[in-house]
Protein chains: 2
Amino acid sequence: MTTETLAGPIPEVACCAPLVRSPMSAQEAEGLSKVLKAIAEPNRLRVLSLVAARDGAACVCDLTEPLGLSQPTVSHHLKTLVDAGLLAREKRGVWAYFSLVPGALDDVARVLSTAGVSPAAGSPTCG
Amino acid sequence: MTTETLAGPIPEVACCAPLVRSPMSAQEAEGLSKVLKAIAEPNRLRVLSLVAARDGAACVCDLTEPLGLSQPTVSHHLKTLVDAGLLAREKRGVWAYFSLVPGALDDVARVLSTAGVSPAAGSPTCG
DNA sequence: CCCAGACATCGACAGATGTCAATATCTCGG
DNA sequence: CCGAGATATTGACATCTGTCGATGTCTGGG
């Protein structure tokens, strides 16, 4: 058990759900909202930005200073982002390294985008 | 005066701020978070979806039933989305019609996307 | 002029959320 | 085995947020 089961099966963002296409069900909205709520917090946005800036891998101690938050609070935000499927956690020795999950942010972006609605972009693995 | 000044100058999402590019300042994160918080709510996601589905224009009375919410609550959510710059409000007679602000959701999508970081997509009007 | 209907605002309330201090857990070196 | 250091968890607290009922405001018809 490397604390893999954090809070379920990850909300799987909502691959292929253009938002601006057909009326969204309450259930779909709930799932997408979970991921968006994870992103829609100033300090978590900065976390994502900082992780990306450090070549995609950062530990907690790298983030407390630039964020100006306590260590528990940073850990809390990181857990939120991992649960949302946006960050991956890798324990390396004493340190825990967090990295962006490839494509996770892009999935969210694709759902919000209205460009994909018209028949133009061929999204992969979306059948 | 068609009730244009609702709650300020609109957070102007964050045209050209790739999120995954350089460490985001607290101020930038605050602004982007305001728009994302507006989107990151299940019923507001459904509002956007419903408005888009009705050819991009819907009044309050069109939304209360499918959402299962009271009229004041729907008005509240609509105001939040208008303040965030995602919806536009047009008073036509007794009815108030809400429509998607063209490009608003796409701006958010572009900020979240990591695709634009590598030199590939030529984003317009971003100099 | 007055009424009916659509929408906005207000006041109140329960639940969610961000934050920290204190503490627990885990890993490495000696 | 023990201590040091990094991270996770817990408990508490203030604040924010979504919701509704009641009420105010505006427009059009008679």
Side-chain angles (χ1 to χ4, degrees), chain A residues 1-7 11 26 29-30 33-48 50-51 54 57-84 87-99, chain B residues 1-7 26 29-30 33-48 51 54 57-84 87-99:
Chain A
M1 299 78 157
T2 56
T3 61
E4 184 70 12
T5 59
L6 278 174
E30 203 78 34
S33 150
K34 186 176 189 314
V35 181
L36 285 170
K37 277 182 187 296
I39 306 179
E41 208 277 338
N43 287 318
R44 284 197 288 268
L45 280 171
R46 298 187 69 194
V47 165
L48 292 174
L50 285 166
V51 168
R54 300 183 72 90
C59 62
V60 179
C61 57
D62 290 331
L63 302 172
T64 52
E65 284 188 26
L67 291 173
L69 297 174
S70 68
Q71 174 264 317
T73 300
V74 173
S75 271
H76 168 67
H77 285 317
L78 286 167
K79 176 175 164 53
T80 301
L81 290 169
V82 169
D83 288 355
L87 286 186
R89 180 181 178 275
E90 182 200 358
K91 194 77 177 287
R92 224 185 304 174
V94 183
W95 289 272
Y97 282 85
F98 294 85
S99 57
Chain B
M1 308 79 162
T2 56
T3 61
E4 185 72 11
T5 58
L6 277 174
E30 203 77 36
S33 150
K34 187 178 188 315
V35 181
L36 284 171
K37 276 182 188 297
I39 306 178
E41 208 277 337
N43 287 317
R44 283 197 290 269
L45 279 172
R46 298 187 70 193
V47 165
L48 293 173
V51 168
R54 300 183 73 90
C59 61
V60 179
C61 56
D62 290 331
L63 302 173
T64 51
E65 283 188 24
L67 291 174
L69 296 174
S70 68
Q71 174 264 317
T73 300
V74 173
S75 270
H76 167 67
H77 284 317
L78 287 167
K79 175 175 165 53
T80 300
L81 290 169
V82 170
D83 289 355
L87 287 185
R89 180 180 179 274
E90 182 200 358
K91 193 75 178 288
R92 222 186 306 173
V94 183
W95 290 273
Y97 282 86
F98 294 85
S99 57

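As the structure is a prediction and not an experimental result, all values here were calculated from the model. Numbers restart at 1 for each chain; the letters A, B, ... are given by sequence-line order, proteins then strands.
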Pairwise side-chain contact, His77(A) with Leu69(A), heavy-atom cut-off 4.5 Å (strictly under):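 A side-chain contact under 4.5 Å exists here.
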Pairwise side-chain contact, Arg46(B) with Leu67(B), heavy-atom cut-off 4.5 Å (strictly under):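 Touching, per the 4.5 Å side-chain cut-off.
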Using atom [atom1] of [X] as one end and atom [atom2] of [N] as the other, report the distance to the nearest whole Å.
X	N	atom1	atom2	result
His77(B)	dC20(D)	NE2	C1'	11 Å
Ile39(B)	dG18(D)	CD1	P	13 Å
Asp62(B)	dG5(C)	CG	P	17 Å
Arg92(A)	dC28(C)	CZ	C1'	16 Å

Any idea which of [options] is nearest the [X] side chain?
X	options	result
Trp95(A)	dT17(D), dT7(D), dT19(D)	dT7(D)
Val94(B)	dA8(C), dG5(C), dT27(C)	dG5(C)
Asn43(B)	dT19(D), dC7(C), dT9(D)	dT19(D)
Pro72(B)	dT9(C), dG18(D), dC7(C)	dT9(C)

Considering every strand and a 4.0 Å limit on heavy-atom distances, what is the contact class for [X]: base, sugar-phosphate, or nothing?
X	answer
Arg44(B)	sugar-phosphate
His76(B)	base
Tyr97(B)	nothing

CD1 on Ile39(B) to OG1 on Thr80(B), rounded to 0.5 Å: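 So the OG1 of Thr80(B) and the CD1 of Ile39(B) are separated by 12.0 Å.
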Nearest-0.5 Å distance, CD of residue Glu30(A) to CD of residue Glu41(B):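 Taking CD in Glu30(A) and CD in Glu41(B), the distance rounds to 8.5 Å.
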Reckon [X] has a side-chain N or O less than 4.0 Å from the OP1 or OP2 of [N]?
X	N	result
Arg89(B)	dA8(C)	yes
Ser70(B)	dC20(D)	yes
Ser75(B)	dA8(C)	yes

Donor-acceptor pair (no angle test) under 3.5 Å: Gln71(B) side chain, dA8(C) base: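 It does, because a donor-acceptor pair links the side chain of Gln71(B) to the base of dA8(C) below 3.5 Å.
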